[in-house]
Visitor: 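Before I ask anything, here is the structure I am working with.
All values reported here derive from a predicted model rather than from experimental measurement. Reckoned from all heavy atoms, side chains included, excluding hydrogens, waters and symmetry mates. Positions are given from 1 along the sequence.
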Amino acid sequence: QVQLVESGGGLVQPGGSLRLSCAASGITLSGNLMGWYRQAPGKERELVARITTDRRTWYADSVKGRFTISRDNAKNTAYLQMNSLKPEGTARYYCNRVPAMNYWGPGTLVTVSS
């Protein structure tokens, strides 16, 4: 069955950086349109970045120029490099297919605070 395990979150000061990872099994990331989503407290989950099978990328306006999505086919792992983090980036981050499957991993919590 599909498993997606996100990691790399933590507490970071505004302006800092984090690199999130999404280790996948039961699904080949390179054969799917994959994305990173986030859900802030009290808000709906939103898509912030996606990568196509041929590595074309798209970003939400709120993260464009600061976040970079990538994929390592050999490791079947997706990444989200987050730079210049802002307090409004505090959320639980998830990876999933686009559009999302019914299954969701545990996510990884990112807290941006001084």
Visitor: Kindly give the heavy-atom pair with the smallest separation between Pro99 and Tyr37, and that separation in Å.
Guide: C-OH, 4.1 Å

Visitor: Check Ile51 against Thr57 and note the closest heavy-atom contact, atom names and distance.
Guide: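 Nearest heavy atoms, Ile51 then Thr57: CG1-CG2, 4.1 Å.
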
Visitor: Could you walk me through whether Val12 and Ser17 pass side-chain contact (heavy atoms from CB on, under 4.5 Å), step by step?
Guide: CA-CA 7 Å; Val12 63; Ser17 298; over 6 Å; no

Visitor: Give the minimum heavy-atom separation between Asn96 and Leu4, together with the two atoms involved.
Guide: CA-CD1, 4.0 Å

Visitor: Say you draw a straight line from CE of Met82 to OG1 of Thr68; how long is it, rounded to the nearest 0.5 Å?
Guide: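 Answer for the CE-OG1 pair, Met82 versus Thr68, is 11.0 Å.
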
Visitor: Are side-chain heavy atoms of Arg97 and Met34 found at a separation under 4.5 Å?
Guide: yes

Visitor: How close do Val2 and Met101 get, heavy atom to heavy atom, and via which atoms?
Guide: CG1-CE, 3.9 Å

Visitor: Tell me whether Tyr59 is reachable from Tyr94 by hopping between hydrophobic residues (I, L, V, M, F, W, Y) whose side-chain heavy atoms are closer than 4.5 Å.
Guide: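 No, Tyr94 does not connect to Tyr59 through the hydrophobic network.
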
Visitor: Quick check for you: to the nearest 0.5 Å, what is the distance between Arg55 atom CZ and Ile69 atom CD1?
Guide: 11.0 Å

Visitor: Looking at every non-hydrogen atom in both residues, tell me the closest pair between Leu18 and Leu85 and how far apart they are.
Guide: N-CD1, 4.0 Å

Visitor: Could you report the tightest heavy-atom contact between Ser30 and Asn73, atom names first, then the distance?
Guide: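 Heavy-atom minimum between the residues: CB-OD1, 3.3 Å.
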
Visitor: Apply the test side-chain contact (heavy atoms from CB on, under 4.5 Å) to residues Arg50 and Leu33: give CA-CA distance (whole Å), side-chain angles for both, the deciding distance (0.1 Å), then the verdict.
Guide: CA-CA 7 Å; Arg50 68 180 186 228; Leu33 177 60; 4.1 Å; yes

Visitor: Quick one, Trp104 and Arg45 - any side-chain contact, counting heavy atoms below 4.5 Å?
Guide: yes

Visitor: Among residues at least two apart in sequence or on other chains, which ones pass side-chain contact (heavy atoms from CB on, under 4.5 Å) with Pro14?
Guide: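 For Pro14, the residues satisfying side-chain contact (heavy atoms from CB on, under 4.5 Å) (neighbours in sequence not counted) are Pro87, Val112, Ser114.
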
Visitor: Are Leu47 and Tyr79 connected in a single hydrophobic cluster, I mean Ile/Leu/Val/Met/Phe/Trp/Tyr linked by side-chain heavy atoms less than 4.5 Å apart?
Guide: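 No, separate clusters.
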
Visitor: Exactly one of Thr108, Val63, Thr90, Val110 should register a side-chain contact (heavy atoms from CB on, under 4.5 Å) with Arg38. Which one does?
Guide: Val63

Visitor: Does Asn102, at its CG atom, have more than 12 non-hydrogen atoms belonging to other residues, nucleotides or ligands within less than 6.0 Å?
Guide: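 For Asn102, atom CG is not crowded (no more than 12 foreign heavy atoms under 6.0 Å).
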
Visitor: For residues 64-93, which residue pairs pass the salt bridge (charged side-chain N to carboxylate O under 4.0 Å, His left out) check, not counting sequence neighbours?
Guide: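 Every pair satisfying salt bridge (charged side-chain N to carboxylate O under 4.0 Å, His left out) with a residue in residues 64-93: Asp61-Lys64.
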
Visitor: How about Phe67 and Trp36: are their ring centres within less than 6.0 Å of each other?
Guide: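 No, the ring centres sit 6.0 Å or more apart.
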
Visitor: Looking only at atom types and distance, does a side-chain atom of Glu6 sit under 3.5 Å from a main-chain N or O of Cys95, one as donor and one as acceptor?
Guide: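 Checked: pair present.
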
Visitor: Looking at OG1 of Thr28 and CG of Asn76, how far apart are the two atoms once the value is rounded to the nearest 0.5 Å?
Guide: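 Spacing of OG1 (Thr28) from CG (Asn76) equals 5.5 Å.
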
